Amino acid sequence: MPELPEVETTRAGIEPHLVGEVVTAVKAYQRQLRRPVSARLATALKGGMFESVTRRGKYLLLKSGRGSVIIHLGMSGSLRLVAEGVVLEKHDHVEFFLASGGSLRYRDPRRFGLVLWTAKDPLQHPLIAKLGVEPLAAAFDADYLHSIAQQRSVAIKQLIMNGQVVVGVGNIYASEALFRAGVHPARAAKRLSRARCERLVSAIRAVLSEAIKQGGTTLRDFYNGAGEPGYFKQRLQVYGRGGEPCVSCGAAIRQTVQGQRSTWYCGRCQR
DNA sequence: CAGTCGCCCTGCGTGC
DNA sequence: TGCACGCAGGGCGACT
């Protein structure tokens, strides 16, 4: 489900309700996610207070005085704050009980996500330490992308979806950014000029920023921490629009598959 | 090292 | 109505 805008929307939604909250208990109803839920999570976090809720790429970092919870939402994960006594839904796998009443619930039907505990700096965790740059940070610029792209023969779409290069760009926003930049998704990365890298960087930043403002994209089951959908779906120009006319030139939007993921693009506007 | 592919899992829409 | 199939917002790890 979630790419950077959806994770950021989730983060912003839960942060004000979690910071300063003491965790009274943690229950894992299903430990088998992409990796098992950390065995020490419940005992280590109990009695601790959440100090911050931050994000690195698509990872959420819930820092307490004793260590941090690292959460990844995978394809279908979500976090929701619920009042006391609300019945558990199917696929609610982990629940953090809060001293002021209520709880934070992690739900993930496909179980591709993660709920891990680390007593150390979460940014040093093996899954996080080698991540690429944040797309909305100054370090993500034309020089950076071009210098990497020049050495790679993969399709540019797969390059911008590679978390070791730049984090947070998933299948929806990759297609959307390439369309805005006029770049064909299958073009070899090394065949992108610096000028076109610059356009692509701008497009990625713009599409992610706009999506964050809209509260993310709800295709079917993404909801923010309070249960509300995101509104960026109405702004999608190519994703999921195979056969429909291009908003710019009217040609039919094409669908193809790259790296086992669907890609949508305009064969006339994107080169 | 870079690139490709299989796979983890459940749910939903489509077509027979 | 039921069933088989393909596809879905991600990313790791094994292989070439």
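Protein chains get the first letters and strands the later ones, always in sequence-line order, with residue 1 at the start of each. All figures in this text were calculated on a predicted structure; none of them were measured in a lab.
Look at CZ on A/Arg110: it is 11 Å from P on B/dC9, rounded to the nearest Å. Following rounding to the nearest Å, A/Asp108 (CG) and C/dA8 (P) show an atom-to-atom distance of 18 Å. The nearest whole Å value for the distance from the CG atom in A/Leu159 to the P atom in B/dA2 is 11 Å. A/Arg152 has its CZ atom 10 Å from the P atom of B/dT4, to the nearest Å. As rounded to whole Å, 21 Å separates atom P of C/dG9 from atom CG of A/Asn224. In this entry the distance linking CD of A/Gln32 with P of B/dC8 reads 13 Å, nearest Å. Atom-to-atom, CD of A/Glu89 to C1' of B/dG11 comes out at 14 Å; the value is rounded to the nearest Å. Taking atom CG of residue A/Leu219 and atom C1' of nucleotide C/dC7, one finds them 13 Å apart after rounding to whole Å.
Side-chain proximity of A/Asn171 to the nucleotides C/dG10, C/dA8, B/dT10 is greatest for C/dG10. Relative to the side chain of A/Phe112, the nucleotides B/dC9, C/dG9, B/dT4 differ in distance, and B/dC9 lies closest.
Residues A/Leu88, A/Phe97 make up the rest of the hydrophobic cluster containing A/Tyr29, defined by ILVMFWY side-chain heavy atoms closer than 4.5 Å, directly or through other members. Under a 4.5 Å side-chain heavy-atom criterion applied to ILVMFWY residues, the cluster that includes A/Val22 comprises A/Met49 as well. Using a 4.5 Å cut-off between side-chain heavy atoms of Ile, Leu, Val, Met, Phe, Trp and Tyr, A/Leu127 falls into a hydrophobic cluster with A/Tyr59, A/Leu61, A/Ile70, A/Leu114, A/Leu116, A/Leu123, A/Ile128, A/Leu131, A/Val167. Cluster partners of A/Tyr231 are absent, since no Ile, Leu, Val, Met, Phe, Trp or Tyr has side-chain heavy atoms less than 4.5 Å from it.
Residues that satisfy the side chain to side chain contact (heavy atoms under 4.5 Å, CB included) test with A/Lys46, not counting sequence neighbours, are absent from this structure. In this structure A/Val154 satisfies the side chain to side chain contact (heavy atoms under 4.5 Å, CB included) test together with A/Arg152, A/Leu159, sequence neighbours excluded. Evaluation of the side chain to side chain contact (heavy atoms under 4.5 Å, CB included) rule for A/Lys213 yields no partner, not counting sequence neighbours. Among residues two or more places apart in sequence or in another chain, the ring-ring contact (aromatic ring centres under 6.0 Å, His included) test is passed with A/Tyr265 by A/His184.
Nucleotides C/dC7 and B/dC5 place their P atoms 15 Å apart, quoted to the nearest Å. One C1' atom belongs to C/dG9, the other to B/dG3, and the distance between them is 24 Å to the nearest Å. Comparing the P positions of B/dG6 and C/dG6 gives a spacing of 14 Å, expressed to the nearest Å.
Between A/Val207 and A/Ala177 the shortest heavy-atom distance is CG1-CB, 4.1 Å.
A/Ser262 has no side-chain polar atom (N or O) that falls below the 4.0 Å cut-off from OP1 or OP2 of C/dC7. Contact between the side-chain N/O atoms of A/His91 and the OP1/OP2 oxygens of B/dC9 is not found at any separation under 4.0 Å.
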Could you spell out the base pairing of DNA chain B in dot-bracket, with Watson-Crick or G-U pairs whose two distances are under 3.5 Å, [ ] crossing and | to another strand?
.|||||||.|||||||

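Contact annotation for A/Tyr173: no contact, since no heavy-atom pair falls under 4.0 Å across all strands. In this structure, A/Lys90 reaches the sugar-phosphate backbone alone: every heavy-atom distance under 4.0 Å involves primed, P, OP1 or OP2 atoms, never a base.
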Using a 4.0 Å heavy-atom cut-off to protein, can you give one letter per nucleotide of nucleotides 11-16 of chain C, 5' to 3': B if the base is in contact, S if only the sugar-phosphate is, - if neither?
SSS---

Pairs of donor and acceptor atoms involving the side chains of residues 235-242 of chain A, under 3.5 Å and at least two apart or interchain, shall be tabulated with distances.
residue, atom, partner, partner atom, Å
A/Arg241, NE, A/Glu244, OE1, 2.9
A/Arg241, NH1, A/Leu236, O, 2.5
A/Arg241, NH2, A/Glu244, OE1, 3.1

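For the 3.5 Å distance criterion, the side chains of A/Tyr223 and A/Asp221 fail to qualify, holding no donor opposite an acceptor. A donor atom on one side chain and an acceptor atom on the other are not found under 3.5 Å apart for A/Gln255 and A/Thr263.
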Distances under 3.5 Å between nitrogen or oxygen atoms of protein and nucleotides 12-14 of chain B:
residue, atom, partner, partner atom, Å
B/dC12, O4', A/Arg220, NH2, 3.1

